[in-house]
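Step one of this worksheet: look at the structure below.
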Amino acid sequence: AGAPAVASGTYEFLVLSNRLPVDRVVGPDGESSWQHSPGGLVTALEPVMRAADGAWVGWAGQPDLDLDPFESDGIHIVPVPLSALEVENYYEGFSNDTLWPLYHDVIAPPTYHREWWDSYVLVNQRFADAAIASSAPGAVVWVQDYQLQLVPKMLRAARPDLTIGFFNHIPFPPYGIYSQLPWRTQIIEGLLGADVIGFQRTADAGNFARAVRRLLGYTTKTTNIEVPGENPRTVIAKSFPISIDSMSFEELARQPEIQARAEEIREGLGNPKTIMLGVDRLDYTKGIAHRLKAFGELLADGRLDVEDVTMVQVASPSRERVQAYMQLRDEIELTVGRINGDYATISHTAISYHHHGYPREEMVALYLAADVMLVTALRDGMNLVAKEYVATRFDESGVLVLSEFTGASDELKKSLQINPHDIDGVKDAIVQAIAMPRVEQRKRMRAMRKQVLSNDVAHWSINFLTALNRAAASQRERDTA
Ligand code: GDG
């Protein structure tokens, strides 16, 4: 059944994501080179990529660059160009100022602009075209994240021979929120072009299925969505919680130089009894202000003393050209300045605040130095920081305070779970974390480490790709029956 395959490429396996796993960097001499960004996704997919001789399709991170495909560290790279206007409309606009706030429970108000949508459609088609031109007959194409939700349908229309997977890294919102989107039907139709649509949490997959029922009237049964038509298809919408390369974090944490650096960090802060840590992209979904408020109040109440407790907050720069992010930065930095002004002493700062990105080694040293890790996101698909903290704590000490609005809270049941909106609850959890006896820390951390070490990112990608191959095989059987 279906149209004959029009194959024009050679790759058997393709990954599509907005950003490539490599960054183009321009040195002081004006020479440009490629820097491998060692993200979890790359680490997870590298073995699959090599085995299948796969290619990665994505944007190189700079506008108006028209580059030929090339190879980087054994990975085939197929760059997709974006103009400066498309970066504004498709990326900063529709992706980061419409979809991102909408999918994160409208924590910030989403902006709806028709010209942003037009650009989103156009750029999604460009990504689809690049994949169509590069894929061998019957290839497996795995599309990543909310920037590319229309690509699965575009791929299927041109290339019914392909096996198409999609993974959504951010939440999928409840229908009452999702239904605000003027293009709500086009988006779910775009996603339904895939054989398997992966989500972080079971709740996200449920929200998606409900949107499909409400908007298209299709029948859904647990993880199966029945798409009617000339060639009826079963689409799987299911949770595949993403993870990290757990062992590589533990290995870094065991390095003597990194442990020495953790000691140095502690010394540098004046050897407080307790170091609390927050690590986030500077994003309004992360609940940084809520965390600061709770800490500030604990200092004001005298339940915590600045001589004993220091909070380190790494807020890595993010989306700095989007208005809501500029405003957030001002708010956070005002609050940090106020708390430090009110409570810091000459020898002890209250909040050691860093608007920087750091190398992975420094992040691990910070995790090692932190007695208490604070993850207070208001909404977060997964939150890898929580898992990274757990992976580095090989001596089983340390306490994770974790928002129940993160995907990670489904798995890390032995964290101290909080509702970040409940400031009194957050304050109590912080006090409980600081006072927690070693035995209890161990018990909790051991259980969480077991979870994170046995469910790493390789496990995630294998699970997804196995489900994808299975779904495609049973669909083919049904097509030829
Ligand atoms: C999206 C979803 C989902 C941060 N600052 C530095 C740095 N990081 C690293 C962390 C972590 C990653 O960035 C952040 O991942 P998160 O999961 O915490 O959050 P998002 O960036 O919002 O990611 C999220 C994720 O996709 C995966 O599906 O979990 O819910 O929103 O790895 O360590 N790394 C370095 N320096 C920094 O300054 N080296």
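Numbering of ligands and ligand atoms starts at 1, following listing order. Note that the structure is a prediction, hence the values are computed from the model and not measured. Count residues from 1 along the sequence.
- With ligand atoms numbered from 1 in the order given, ligand 1 contributes 10 (C), 18 (O) to contacts under 4.0 Å with heavy atoms of V385.
- Under a cutoff of 6.0 Å and an axis angle of 45°, K238 and F240 form a cation-pi pair.
- For Y103, no heavy-atom contact with ligand 1 is shorter than 4.0 Å.
- Using modelled atom types, one finds no donor on one side chain facing an acceptor on the other under 3.5 Å when comparing Q432 with D428.
- Using modelled atom types and a 3.5 Å distance limit, the side chains of D283 and W100 yield a donor-acceptor pair.
- With a heavy-atom cut-off of 4.0 Å, W100 touches ligand 1 through its side chain alone.
- For atom 6 (C) of ligand 1, the closest heavy atom belonging to the protein is M363 CE, 3.6 Å.
- Of the charged side-chain nitrogens involved, at least one lies within less than 4.0 Å of a carboxylate oxygen, so that D195 and R156 count as a salt-bridged pair.
- Y325 and E320 are not linked by any side-chain donor-acceptor pair at a separation below 3.5 angstrom, with hydrogens and angles left out of the test.
- Below 4.0 Å from some heavy atom of Y367 lie the following atoms of ligand 1, by number and element: 33 (O).
- Residue-level proximity to ligand 1 for M382 is carried by backbone and side chain together, each with a heavy atom below 4.0 angstrom.
- Within ligand 1, the atoms closer than 4.0 Å to a non-hydrogen atom of Y358 are 35 (C), 36 (N), 37 (C), 38 (O), 39 (N), numbered from 1 in the order shown.
- In the vicinity of G381, heavy-atom distances shorter than 4.0 Å reach the ligand 1 atoms 30 (O).
- Geometric assessment of R254 against the ring of F394 yields a positive cation-pi assignment under the 6.0 Å and 45° thresholds.
- Within the structure, the closest approach of H356 to ligand 1 falls below 4.0 Å when heavy atoms are considered.
- In terms of protein heavy-atom proximity, atom 28 (O) of ligand 1 is closest to H169 ND1, 2.7 Å.
- Using a 30° and 60° split on the angle between ring planes, F167 and W142 fall in the perpendicular class, above 60°.
- Looking only at distances, no side-chain donor or acceptor of R379 sits under 3.5 Å from a matching main-chain atom of D105.
- Atom 23 (O) of ligand 1 is never approached by the protein to below 4.0 angstrom, counting heavy atoms only.
- Among R360, K286, E361, the residue whose heavy atom lies nearest to atom 20 (P) of ligand 1 is K286.
- Contacts with ligand 1 closer than 4.0 Å are made by side-chain heavy atoms of I242 only, the backbone lying farther away.
- Under 4.0 angstrom from ligand 1, the non-hydrogen atoms of E388 all belong to its side chain.
- Applying the 4.0 Å criterion to heavy atoms of Q200 picks out, from ligand 1, the atoms 3 (C), 28 (O).
- Shortest contact from atom 17 (O) of ligand 1 to any protein heavy atom: L384 N, 2.7 Å.
- Taking every heavy atom of S316 and a limit of under 4.0 angstrom, the matching atoms of ligand 1 come to 4 (C), 5 (N), 6 (C), 38 (O).
- Side chains of R393 and S397: a donor on one and an acceptor on the other come within 3.5 Å.
- Other residues, nucleotides and ligands place no more than 12 heavy atoms under 6.0 Å from the NZ atom of K414.
- Using a 4.0 Å heavy-atom cutoff, W460 is absent from the residues neighbouring ligand 1.
- Within a 4.0 Å radius of atom 13 (O) of ligand 1, the protein has no heavy atom.
- Ring planes of F405 and H421: perpendicular class, angle over 60° (limits at 30 and 60°).
- Classified by interplanar angle (parallel below 30°, tilted 30° to 60°, perpendicular above 60°), the ring pair F94/W183 is perpendicular.
- Below 4.0 Å from some heavy atom of R281 lie the following atoms of ligand 1, by number and element: 20 (P), 21 (O), 22 (O).
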